[in-house]
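In what follows, a structure is listed as C-alpha cells, so that the remarks can point back to it.
Keep in mind it's a predicted model, so treat the numbers as computed, not measured. One-based numbering, in listed order, for ligands and for the atoms of each.
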Amino acid sequence: MPAPHRAVSFEFYPPKTPEQQAQLQRTATRLKAHAPRFVSVTFGAGGSTLNYTPETVRTLRATHGLDAVPHLSCMGGSRGEIAALLEHYRELGCTRLVALRGDLPSGMATPGDFRHAADLVRFIRGEHGRHFHITVAAYPETHPQAEDAQADLRHFAAKMNAGADAAITQYFYNADAYVHFVDNVRRAGVTAPVIPGIMPISNFSQLRRFSEQCGAEIPRWMMRRMLAFGDDLESLREFAADVVAALCRRLLEVGAPELHFYTLNLARPTESVLERLR
Ligand code: FAD
C-alpha cells in the first residue's frame, strides 16, 4: 500500500444506477490504497435523491471501512427533515459532516427552512453540541453570487464563527488565489484549517462546463494548451496531471494542511496526481 505523501481526502457523488454503483465500488477500492483521512459524499437536493447520500455513506463505511462523511445542504428539506437525517447519520456512526447551503435545482420552488450555510451550522450545533466535526465551503475566487469579495469573506468568517471546524475550498488552478484567501481569513480572525479542494482533469469540456457554473477560473494558458490537444486525450491527461500535481506541491509548500480531491467517482485522474506527488 503506498504511503500517503500528506493527508488526503476524496469526494464522491452518490451513484444512482447499478453501473454507477459498480464504478464507485471500484474507485473506492483503488483510492483506499492512499489511506484517505475521510471520504465525503455529496448531497443532491429534492425528493427521492435525498436517499442516495445516506445509502452511499452507509455502504462506504460498511463495505470499505472508510470514514464516509455526508454532505448536507439547506436544500435537504425542513428543519424536521434535517433533524431526522442528522439522527440517522449519528446512528451510522458519523462524527463529521460537510454543511452547505446548496443550490436550488430548477423546478424546485422552496429552498427549505435555512437560508445560508451558517444557519445550518448553528442548527447542527444546537441539536448535537460538539458531536459532529463540521466542515463548510470556502471560495478563494469568491462565490459567484456574492455581492463582492469583501462581503463574501465576511459571510465566510460569520459561517466559521457559527461553529464550523474547518473549510474545504471550491477548486481553483491559481495557487495565489488560495494564498490571498487564507491571508485574508486569518486577518479576519479565522484560525481553522482551510483545505484546498483539488479538481484533477480528465474531461476538458466537462471541466469547462463545471467551471462556468461554479465560477472557478481555468487560466488562459491552461485552456489554450488543453484545447490544442484536441482528441489526444492521453496527452491532455498527462499534461493536466503534471499541472495539478505542481499546484498541489505549491499549496503544500505554502502551508495547505492537507488536500481534498474532487474525484467525480473516477480513480485514475486522482491517482495520476498522487503518483506525481510521491
Ligand atoms: P453560503 O455559505 O450560505 O454562501 C452562499 C452565498 O451567500 C455566498 O455568496 C455568500 O457570500 C452569501 N451569504 C452567506 N451568508 C450571507 C448573509 N448572511 N447575507 C447575505 N449573503 C450571505 N452543493 C450541493 O448541492 N451539494 C453538495 O454536496 C455540495 N458540496 C460542496 C462541497 C464543497 C467543498 C464546495 C466548495 C461546494 C459544494 N457545493 C455543494 C456547492 C455549494 O452548495 C454552492 O456553492 C452554493 O451556491 C453555496 O453554498 P455555501 O455552503 O458556500 O453557501
Side-chain angles (χ1 to χ4, degrees), residues 8-16 38-47 49-54 56-57 68-77 82 85 89 94 96-106 108 111-124 133-172 177-178 181 184-185 188 190 192-199 210-217 256-265:
V8 292
S9 54
F10 302 125
E11 181 184 289
F12 299 130
Y13 66 84
K16 298 194 175 68
F38 64 89
V39 297
S40 76
V41 182
T42 60
F43 184 83
T49 62
L50 292 183
N51 297 328
Y52 290 116
T53 304
T56 306
V57 166
V69 175
H71 291 206
L72 182 60
S73 94
C74 299
M75 310 299 155
I82 289 181
L85 252 185
Y89 287 138
C94 299
R96 303 174 70 106
L97 293 170
V98 180
L100 305 140
R101 184 195 72 178
D103 291 309
L104 200 58
S106 54
M108 194 173 151
D113 286 340
F114 302 112
R115 191 140 173 243
H116 300 293
D119 305 327
L120 182 58
V121 171
R122 238 173 260 116
F123 178 72
I124 298 167
H133 175 282
I134 304 177
T135 300
V136 292
Y139 302 85
E141 295 179 337
T142 305
H143 185 264
Q145 291 157 8
E147 302 102 282
D148 58 51
Q150 275 313 105
D152 204 31
L153 194 65
R154 270 199 317 278
H155 298 316
F156 174 73
K159 179 161 67 174
M160 297 308 298
N161 291 335
D165 297 297
I168 296 176
T169 74
Q170 183 56 278
Y171 68 88
F172 54 87
Y178 175 80
F181 180 76
N184 284 329
V185 304
V190 174
V194 179
I195 302 165
I198 307 294
M199 179 71 93
F210 281 172
S211 302
E212 273 158 24
Q213 281 163 9
C214 71
E217 187 186 53
E258 53 190 88
L259 302 169
H260 180 77
F261 287 86
Y262 295 110
T263 70
L264 304 179
N265 292 8

Please work out, at 4.0 Å between heavy atoms, whether the side chain, the backbone, both, or neither of [X] comes within that distance of ligand 1.
X: H155; answer: side chain
X: K159; answer: side chain
X: H71; answer: side chain
X: S73; answer: neither

For atom 39 (N) of ligand 1, which candidate among V121, L100, T142 holds the nearest heavy atom?
->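 It is L100 that holds the nearest heavy atom.
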Between the candidates Y171, F114, Y139, F43, which shows the shortest non-hydrogen contact distance to atom 42 (C) of ligand 1?
->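 Residue with the shortest heavy-atom distance to the ligand atom: Y139.
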Is the closest N or O pair between [X] and ligand 1 shorter than 3.5 Å?
X: G102; result: yes
X: A99; result: no
X: T42; result: no
X: H143; result: yes
X: E11; result: no

ring-ring contact (aromatic ring centres under 6.0 Å, His included) partners of Y262, counting only residues at least two apart | H260
Quick one: are V57 and C94 in side-chain contact, heavy atoms under 4.5 Å?
-> yes
Note, F43 side chain near L85 side chain (heavy atom, < 4.5 Å) =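 Yes; the side chains approach each other to less than 4.5 Å.
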Determine yes or no for a side-chain-to-main-chain donor-acceptor pair under 3.5 angstrom, with [X] supplying the side chain and [Y] the backbone.
X: Y178; Y: V194; answer: yes
X: T169; Y: A138; answer: no
X: K159; Y: A137; answer: yes
X: E217; Y: E141; answer: no

Distance-only polar pair, side chains of Y13 and T56, donor-acceptor under 3.5 Å |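 On atom types as modelled, these side chains do not qualify, holding no pair under 3.5 Å.
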With a 6.0 Å cut-off on ring centres, are F181 and F156 close enough?
->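 Ring centroids of F181 and F156 are less than 6.0 Å from each other.
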When you check the gap from the basic side-chain N to the acidic O, do D103 and R101 get nearer than 4.0 Å?
-> yes
Give the numbers and elements of all ligand 1 atoms closer than 4.0 Å to a heavy atom of [X].
X: Q170; result: 36 (C)
X: Q145; result: 9 (O)
X: Y262; result: 33 (C), 34 (C), 36 (C)
X: A146; result: 9 (O), 11 (O)

Touching ligand 1 at all, D152? Heavy atoms, strictly under 4.0 Å?
-> yes
